[in-house]
S.K.: 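To start, I am sharing the structure in question, which I have written as structure tokens.
By convention in this document, chain letters (A, B, ...) are assigned in the order of the sequence lines, proteins followed by strands, and residues within each chain are numbered from 1.
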Amino acid sequence: MELSTTGAILSFALGIEEEALSFYEMIQSSGKCQGWGEVIDALCEEHRRATRKLARLRRESVTEMILEPIHGFRSDDYELDVETSSDIDEQGYLALMKRIEANMSEFLKTAAVKTMFLQEVSLALDNLAKRRNRNLRSLEQLG
Amino acid sequence: MAKIPLIKNYINGEWVDSESKDVRNVYNPATGDVIAKVPMSTVEETEAAIEAANNAFDRWRRTIPITRARYFFEMKTIMEEKFEELAREIVIENGKTIDEARGEIRRGIENVEVAAGIPTLMMGQNAEDVAVGIDEILIRQPLGVFFCLAPFNFPSMVPLWFLPTAVACGNTYIVKPSPQAPISQVKLFEVMDEVGFPPGVVNLIHGDVEVANALLDSPVTKGVSFVGSTPIGRKVYERAAANGKRAQIQGGAKNFLLVMPDADLERTASALMTSCYGCAGERCLAGAVILATEEIHESLMEILLQKAKMIRVGNGLEEGVHMGPVISAKSKERILECIDEGVKDGAKLVLDGRKIEVEGHPNGFFVGPTIFDDVRPDMAIAQDEIFGPVMAVVRVKGFDEALDIIHANPYGNASSIFTSSGKWAREFSYRVQAGNIGINLGIAAPVAHFPFSGMKDSFFGDLHGQGQDAVRFFTESKVVITRWF
């Protein structure tokens with residue numbers, strides 16, 4: 001799907017945040033990555049906060065009714081693939097988590113550039129991108 | 001096939017069926033489907049709403065302002081919770097895009113937030129020793145029952161320009177929505193029902209001229225807020241005045257946007273897109289005529305055309321759609337006639353939105369972005385309100401000629417200048433005869449704590465909606481002069 005409005009970008013961001021959160025909550029409750037319990041807890045909290053932030057941004061920042069078509073930004077390039085098989089091990093989960101954080105960081109960074117005409121939205125997305133990047137670095141330290 | 005719901009009135013804290021046999025269809029403009037039926041309520045039902053509001057008044061006005069304000073804090077909370085649902089309902093009955101609907105709800109909430117500040121907003125004035133040993137105070141008191149006659153283009157937001165302030169001031173209220181888009185108000189009244197306003201404080205009655213006239217002729221109602229066309233607005237104003245009521249009447253518009261040679265053309269063109277095509281041009285603040293100075297005319301046209309061609313028209317519920325349909329088949333037909341007339345008058349149609357087709361929506365009321373160049377100021381497309389996505393570009397020699405053109409038009413709702421010169425910007429806001437002025441802005445929409453202005457044939461009355469004007473409109477200024485022996 002072409003993400004050609006601010007609302008479309010924020011709705012997609014919200015969707016992948018929720019998807020990522022469900023994934024981390026699934027790992028949290030499965031007990032499969034107990035060695036990284038704290039990291040997973042922190043990621044869940046982080047994504048919960050981001051979900052709230054994005055929902056609020058969509059409610060409060062689309063006030064100027066700006067008709068500024070956005071081009072060259074498609075959701076297909078950033079869809080999360082969190083399908084897992086039952087025999088996936090700790091390292092498999094880690095690889096998936098890194099992919100999620102890297103993908104989201106890339107998406108949010110691009111989204112921040114595409115929404116420059118709405119400064120508050122752009123700044124918030126850029127901030128979220130930085131946090132995803134920080135998550136990625138933390139995950140890389142695990143292996 | 002799902003049964004089409006018949007919309008109810010909300011009177012005295014209850015949802016009630018109208019007994020009227022006169023029922024109209026409400027359409028989804030994107031699909032052409034009938035989504036609801038709305039009753040044209042009877043005079044008796046209107047009188048019942050007035051009576052309920054009047055009975056509720058005395059107790060409500062004695063409710064202390066901070067308590068009244070708390071109802072609006074609660075209303076804001078529920079509106080935030082139901083934000084997406086409220087926005088989607090607007091799209092379904094009005095056709096605008098989901099982002100535009102989100103913006104509309106946000107603007108509505110801002111009015112609720114301002115009303116929650118009523119304990120300070122309605123404070124009076126005092127002066128000691130106006131004469132020896134004599135003090136004088138001014139207090140603001142609510143008057144009674146107010147009502148609004150609302151339009152289809154901002155079916156949720158416009159009543160919120162008035163109702164929160166009126167009710168927070170201690171008045172009681174009746175909303176009559178547009179029969180073309182009544183559902184958004186039903187949703188808002190569901191919110192108010194959940195808030196738990198005392199019965200009769202807020203009331204909703206559906207209908208058309210009969211209901212409006214009953215409200216206007218009632219000896220009980222104290223004032224009317226109207227947003228709609230100038231011819232109807234003028235009638236409402238006259239009738240309200242004849243019945244001794246307060247009135248704030250926002251009529252039609254033909255908004256002119258002047259682009260000076262020193263304007264940032266890229267950013268100006270973006271603002272012009274928003275102005276002319278946002279909400280499919282169905283805004284009283286929409287840009288209609290671009291006054292392009294000769295020096296930049298050609299370059300501006302190039303960018304405008306390029307940007308307008310990129311606008312994706314479709315069902316507003318789809319994220320990513322830039323422009324939705326217009327409100328009705330009749331409205332579409334009227335807009336197409338205006339375009340035909342422009343062609344007949346000799347304007348150059350450089351982008352034709354008449355034959356647009358939207359995939360999967362063969363029955364939607366769509367009109368594509370349309371641009372006319374070489375428009376003369378005396379042509380109908382430069383004179384009359386079209387209320388659709390039609391941009392007319394008039395070439396002007398300079399500032400003074402532009403101002404003459406603007407002033408020759410009977411409307412005075414909004415006008416903008418695009419320039420990098422502070423001198424021209426000041427001169428424009430100083431001289432131009434319009435109520436809402438934009439400097440490098442395409443839509444000069446006042447925020448909730450400022451009055452929504454307008455002049456000439458775009459506004460009848462003296463106190464506008466929103467801001468301190470609204471507090472004054474909804475209250476009586478009483479002066480008490482005191483001497484103690």
S.K.: Would you give the length of the straight line joining atom OG of A:Ser4 to atom CD of B:Glu319, rounded to the nearest 0.5 angstrom?
M.R.: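 One finds 9.5 Å between OG of A:Ser4 and CD of B:Glu319.
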S.K.: Counting only heavy atoms not in A:Glu140, do more than 12 fall under 6.0 Å of its CD?
M.R.: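 Yes - once you tally the heavy atoms of other residues, nucleotides and ligands closer than 6.0 Å, there are more than 12.
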S.K.: In Å, rounded to the nearest 0.5 Å, how long is the span from OG1 of A:Thr5 to CZ of B:Arg102?
M.R.: 7.5 Å
S.K.: With a sphere of 6.0 Å drawn around CD of A:Glu45, does it hold more than 12 non-hydrogen atoms of other residues, nucleotides or ligands?
M.R.: yes
S.K.: Quick one: pull up CD1 in A:Ile70 and NE2 in B:His322 and give me the separation to the nearest 0.5 Å.
M.R.: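 The CD1 atom of A:Ile70 sits 7.0 Å away from the NE2 atom of B:His322.
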S.K.: Might you confirm whether atom CZ of B:Arg88 has over 12 heavy atoms from other residues, nucleotides or ligands at distances under 6.0 Å?
M.R.: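 Not buried by this count: 12 neighbours or fewer within 6.0 Å.
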S.K.: How about B:Arg267: does its CZ atom have over 12 heavy atoms from other parts shown lying under 6.0 Å from it?
M.R.: no
S.K.: With a 4.5 angstrom heavy-atom cut-off, which part of B:Glu318 approaches chain A: side chain, backbone, both or neither?
M.R.: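 Neither part, no heavy atoms under 4.5 Å.
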S.K.: For a 4.5 angstrom cut-off between non-hydrogen side-chain atoms, does A:Thr6 reach B:Asp99?
M.R.: yes
S.K.: I'd like to verify something: which residue of A:Glu2, A:Met1, A:His71, A:Arg56 has the highest number of heavy-atom pairs under 4.5 Å with chain B?
M.R.: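 Looking at each option in turn, the highest pair count goes to A:His71.
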S.K.: For A:Lys53, I'd like to know if atom NZ has over 12 heavy atoms of other residues, nucleotides or ligands within 6.0 Å.
M.R.: no
S.K.: Is it the case that over 12 heavy atoms from other parts of the model lie below 6.0 angstrom from the OH atom of A:Tyr78?
M.R.: yes
S.K.: Which bit of B:Arg312 comes within less than 4.5 Å of chain A, counting heavy atoms only: side chain, backbone, both or neither?
M.R.: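 Side chain of B:Arg312 only, per the 4.5 Å heavy-atom cut-off to chain A.
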S.K.: Return yes if some donor-acceptor pair links the side-chain N/O of B:Arg106 with the main-chain N/O of A:Arg59 below 3.5 Å, else return no.
M.R.: yes
